[in-house]
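What follows is a short report on a single structure.
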Amino acid sequence: MRVRFAPSPTGYLHIGGVRTALFNWLFARHYGGQFILRLEDTDEKRFVQGAADDIAASMRWVGIDWDEGPDIGGPHAPYVQSERKELGIYQRYADQLLASGHAYKCFVTPEQDEAMRAAWAASGARPERYRFRGPERDWTPAQTAEAEASGQPFTIRLRVPMDGATSFSDLVRGGDQITINNGDLYDLVLLKTSGMPTYHLAHLVDDHLMGVTHVIRGEEWVPSAPYHIMLYNALGWELPVFAHVPNILRQDGKGKLSKRKDDVSTNRFWERGYLPEAMFNYLALQGWSFDDKTEIMSRDEIVERFTIERVQASPARWNPDKLKDMNGIYIRSLPAADVADLLMPYMMKAGMVADPPRPEDYSYLTRLTPLVHERLEELQQAPEMLSFFFQDVEGYEPKLLIQKQMDAGRTIDMLRAAHATLNTVQVWETGELEGQLRALAESLGVKVGQLFGSIRVAVTGRSVAPPLFDTLAALGRERSLARIAAAAAALE
RNA sequence: GCCCCCAUAGUCUAGCGGCCUAGGACGUCACCCUUUCAAGGUGAAGAUCGCGGGUUCGAAUCCCGCUGGGGGUACCA
């Protein structure tokens with residue numbers, strides 16, 4: 001079994017695209033087939049420099065590799081359509097279709113096409129739809145030859161039957177047939193004036209030549225599938241199995257995910273600190289499921305369990321909360337040392353750690369990581385959560401410092417008492433600090449929450465922070481005492 | 001407009017004729033744990049299985065219609 005993912009290098013790869021690539025990849029890996037990456041750069045106008053590399057990087061990041069592709073070659077190289085066009089591959093089949101009468105040369109210019117469309121729409125005939133049929137369909141060979149001799153540019157169009165219907169079955173829909181009336185179709189352009197094939201001709205020729213057995217693609221291709229069926233038949237080729245997977249809809253359900261309107265670039269998630277394993281797991285679940293309970297699965301487990309038959313036909317909605325939750329689960333499942341390594345780039349970027357980091361930066365971050373490890377949902381949250389370890393607290397909020405049922409005076413006294421106690425602590429470590437401060441709270445006759453709360457704000461500048469005694473231990477005696485003193489002074 | 005696809009809680013889903021008084025997860029809320037926040041634990045609210053007809057002894061599951069949503073309607077993919 002051979003499948004492919006064939007992106008168009010017109011921009012970055014968004015998660016919907018990755019999901020389609022993933023389903024293809026899972027299919028290939030599950031059945032021990034091959035997964036091909038092919039670049040469909042037949043759109044000369046929308047081509048974006050660097051997009052191809054970006055797309056490949058996004059795929060590699062989530063853990064999708066390919067057996068044949070532009071960068072690694074393969075038995076059917078090249079894997080870039082613009083290069084294949086130079087080899088005359090598409091022209092050859094266009095000529096074959098011309099010879100067999102399945103296609104014809106059309107001299108209608110885009111402008112004329114537009115005018116015809118407008119005229120059609122203006123006619124009282126109330127057309128349901130503008131269905132282009134070139135006048136050249138009925139031309140004699142002599143007429144065509146004459147037009148061509150005059151040097152007029154032309155496209156090669158598929159001669160679509162005026163009546164009848166075209167059906168094909170779809171694996172995602174349980175093998176049910178989808179039928180479309182030929183009368184709703186039009187004479188599709190196969191080869192553009194420039195000599196570049198359209199997607200329709202190019203992908204099909206390549207799929208056949210590359211031995212693709214299963215076409216797994218987004219459902220936006222369903223309406224054009226009949227053209228593809230006609231083309232396979234016209235060329236005398238065996239049909240592949242079709243599986244049109246549902247799109248991922250925008251969060252509000254209004255339309256499919258779009259690069260322009262949604263912040264869904266795969267790279268963005270990479271930047272924000274999503275683990276590729278989490279993204280892989282989440283995306284696999286967008287339209288596919290294993291059973292009624294299992295959600296967290298390793299790559300291997302998903303590969304083992306994935307089948308197209310279990311892919312849903314209805315579209316899923318983009319749910320960042322769910323992804324975030326899953327990312328937290330994956331982060332927590334990692335050893336703290338690994339998390340520390342993953343966090344370092346974020347600390348550097350936030351300017352909290354020297355670039356490049358010094359040995360002591362590594363050891364300090366390793367020391368701090370356990371304090372935030374299980375609180376992280378995105379790695380990028382770490383610098384903010386740990387910022388007070390790297391910069392002093394400025395401007396204490398009396399409101400935060402003064403706990404429930406306390407006032408400024410009592411808080412000052414309490415902080416000074418804490419300062420005195422901590423000043424004499426022999427062993428500056430978590431357990432000892434906790435023991436001493438608990439005893440202090442008792443002797444002061446305040447609730448531990450009141451004491452700890454004030455100290456937390458004094459030391460971190462905020463009411464929500466990592467566990468207090470771990471924080472004090474990691475912050476060190478000197479800085480801890482200085483901040484407590486500063487907080488008390490701020491309340492004067 | 002026309003064509004195609006889809007339809008279980010706010011969201012992702014399990015279900016493929018009786019096991020469903022519809023299961024799991026995210027989100028929401030409550031409680032427990034607890035120095036805050038998380039994590040973890042327990043529990044709750046939330047779906048007349050979009051609506052209406054059939055078929056059947058029996059339907060979330062099959063059929064039809066309607067409605068709603070999505071996709072397509074390019075010399076873009």
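Since this is a predicted model, take the numbers as computed values, not measurements. Letters go in sequence order (proteins before strands), and every chain restarts at 1.
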Open item on the list: So that I know where these two stand, are Tyr186(A) and Tyr227(A) an aromatic pair - ring centroids less than 6.0 Å apart?
Closed with: yes

Open item on the list: Please list all pairs meeting salt bridge (Lys or Arg N to Asp or Glu O under 4.0 Å) that have one or both residues in residues 198-210 of chain A, counting only residues at least two apart or in different chains.
Closed with: Arg4(A)-Asp207(A), Arg38(A)-Asp206(A), Arg38(A)-Asp207(A), Arg84(A)-Asp206(A)

Open item on the list: Given C12(B), C76(B), C5(B), identify the nucleotide with an atom nearest to the side chain of Gln286(A).
Closed with: C12(B)

Task: Which nucleotide in C37(B), C6(B), C26(B) has an atom nearest any side-chain atom of Asn319(A) - done: C26(B)

Open item on the list: Counting the atoms with a prime plus P, OP1 and OP2 as sugar-phosphate, which does Arg217(A) contact under 4.0 Å by heavy atoms, base, sugar-phosphate, or nothing?
Closed with: nothing

TODO: Treat primed atoms plus P, OP1 and OP2 as sugar-phosphate and everything else as base, then score nucleotides 39-45 of chain B 5' to 3': B for base contact with protein heavy atoms under 4.0 Å, S for sugar-phosphate contact only, - for none.
DONE: SS-----

- [ ] May I ask you to evaluate whether Lys192(A) reaches the phosphate of A74(B), defined as a side-chain N or O under 4.0 Å from OP1 or OP2?
- [x] no

Task: Residues touching RNA chain B, which here means a heavy atom under 4.0 Å, drawn from residues 109-119 of chain A - done: Thr109(A), Pro110(A), Asp113(A), Arg117(A)

TODO: Select base, sugar-phosphate, or nothing to describe what Lys45(A) touches, counting heavy atoms under 4.0 Å on all strands.
DONE: sugar-phosphate

- [ ] Please indicate whether Lys192(A) has more than 12 foreign heavy atoms, meaning atoms of other residues, nucleotides or ligands, lying under 6.0 Å from its NZ.
- [x] yes

Open item on the list: Considering only residues two or more places apart or on different chains, which pairs with a residue in residues 308-337 of chain A satisfy ring-ring contact (aromatic ring centres under 6.0 Å, His included)?
Closed with: Phe269(A)-Trp318(A), Tyr282(A)-Trp318(A)

- [ ] Respond yes when some side-chain nitrogen or oxygen of Thr193(A) is under 4.0 Å from OP1 or OP2 of C75(B), and no when none is.
- [x] no

Taking only nitrogen or oxygen atoms into account, show me every contact under 3.5 Å that the protein makes with nucleotides 20-24 of chain B, one pair per line with its distance.
residue	atom	partner	partner atom	Å
G23(B)	O2'	Lys293(A)	NZ	3.4
G23(B)	N2	Asp292(A)	O	2.9
G24(B)	N2	Glu295(A)	OE2	3.3

- [ ] Specify the separation, in whole Å, of atom OH of Tyr186(A) and atom C1' of C2(B).
- [x] 15 Å

TODO: Any chance you could lay out the ring-ring contact (aromatic ring centres under 6.0 Å, His included) test for Phe306(A) and Phe290(A), step after step, and finish with the verdict?
DONE: CA-CA 7 Å; Phe306(A) 183 86; Phe290(A) 172 57; over 10 Å; no

Open item on the list: Does Val464(A) reach a base, just sugar-phosphate, or nothing at all? Heavy atoms under 4.0 Å.
Closed with: base

Task: First encountered from the 5' end of RNA chain B, between Gln81(A) and Val448(A) - done: Val448(A)

Open item on the list: Is the phosphate of A14(B) approached by Gln312(A) (side-chain N or O, under 4.0 Å from OP1 or OP2)?
Closed with: yes

- [ ] Would you indicate which nucleotide in A77(B), C2(B), C12(B) comes nearest to any side-chain atom of Asp184(A)?
- [x] C2(B)

Task: Pairwise distance CZ(Arg19(A)) to OG1(Thr266(A)) - rounded to 0.5 angstrom - done: 12.5 Å

TODO: Counting heavy atoms from C-beta on, name the nucleotide in C6(B), C75(B), C76(B) closest to the side chain of Val189(A).
DONE: C75(B)

Task: Pairing nucleotide - U61(B), Watson-Crick or G-U, each distance under 3.5 Å - done: none

TODO: With sequence neighbours left out, write down each residue that passes ring pair (Phe, Tyr, Trp, His ring centres under 6.0 Å) with Phe388(A), or none if nothing qualifies.
DONE: none

- [ ] Could you let me know what A25(B) is paired to, Watson-Crick or G-U wobble, both distances under 3.5 Å, or none if it's on its own?
- [x] U11(B)

Task: Sequence-aligned protein contact record of nucleotides 62-68 of chain B, with B where the base is within under 4.0 Å of a protein heavy atom and S where only the sugar-phosphate is - done: -------

TODO: Check the surroundings of atom CD in Glu442(A): do more than 12 heavy atoms from other residues, nucleotides or ligands lie under 6.0 Å from it?
DONE: no

Open item on the list: With a 3.5 Å limit on both atom pairs, tell me what A47(B) is paired to, counting Watson-Crick and G-U wobble, or say none.
Closed with: none

Open item on the list: Under a 4.0 Å threshold between the charged nitrogen and the carboxylate oxygen, would Lys105(A) count as salt-bridged to Glu136(A)?
Closed with: no

Task: Residue pairs fulfilling salt bridge (Lys or Arg N to Asp or Glu O under 4.0 Å) with at least one residue in residues 173-188 of chain A, sequence neighbours excluded - done: Arg131(A)-Asp184(A), Arg133(A)-Asp187(A), Arg137(A)-Asp187(A), Asp170(A)-Arg173(A)

Open item on the list: Go nucleotide by nucleotide along RNA chain B from the 5' end; which of Ser463(A) and Ser8(A) gets its closest nucleotide reached first?
Closed with: Ser463(A)

Task: Qualifying residues under side chain to side chain contact (heavy atoms under 4.5 Å, CB included), relative to Phe389(A), sequence neighbours excluded - done: Tyr364(A), Leu368(A), Leu371(A), Leu386(A), Thr471(A), Ala474(A), Leu475(A)

TODO: Using the side chain to side chain contact (heavy atoms under 4.5 Å, CB included) rule, take Met326(A) and Ile296(A) through it: C-alpha gap first, then chi angles, then the decisive distance, then the call.
DONE: CA-CA 8 Å; Met326(A) 204 168 258; Ile296(A) 302 300; 3.9 Å; yes

- [ ] For Asp252(A) and G10(B), give me the distance from atom CG to atom P, rounded to whole Å.
- [x] 16 Å

Task: Residue pairs passing the salt bridge (Lys or Arg N to Asp or Glu O under 4.0 Å) test where at least one lies in residues 307-332 of chain A, sequence neighbours excluded - done: Glu295(A)-Lys322(A)

TODO: Can you tell me the pairing partner of C2(B) across any strand shown, Watson-Crick or G-U wobble, with both distances under 3.5 angstrom?
DONE: G72(B)

Open item on the list: List the residues meeting side chain to side chain donor-acceptor pair (under 3.5 Å) with Arg438(A), not counting sequence neighbours, and say none if there are none.
Closed with: Glu434(A)

Task: Watson-Crick or G-U wobble mate for U55(B), both contacts under 3.5 Å - done: none

Task: Any Arg462(A) side-chain nitrogen or oxygen under 4.0 Å from OP1 or OP2 of U36(B) - done: no

Open item on the list: Closest approach to the side chain of Ala316(A), judged atom by atom: which nucleotide of U34(B), C6(B), C12(B) is it?
Closed with: C12(B)

Task: Heavy-atom neighbours of Gln49(A) CD exceed 12 at 6.0 Å - done: no

Task: Watson-Crick or G-U wobble mate for G40(B), both contacts under 3.5 Å - done: C32(B)

Detail all sub-3.5 Å separations between protein N/O atoms and N/O atoms belonging to nucleotides 69-71 of chain B.
residue	atom	partner	partner atom	Å
G71(B)	OP1	Lys256(A)	N	2.8

Task: Nearest-0.5 Å distance, OG of residue Ser463(A) to CD of residue Gln403(A) - done: 8.5 Å

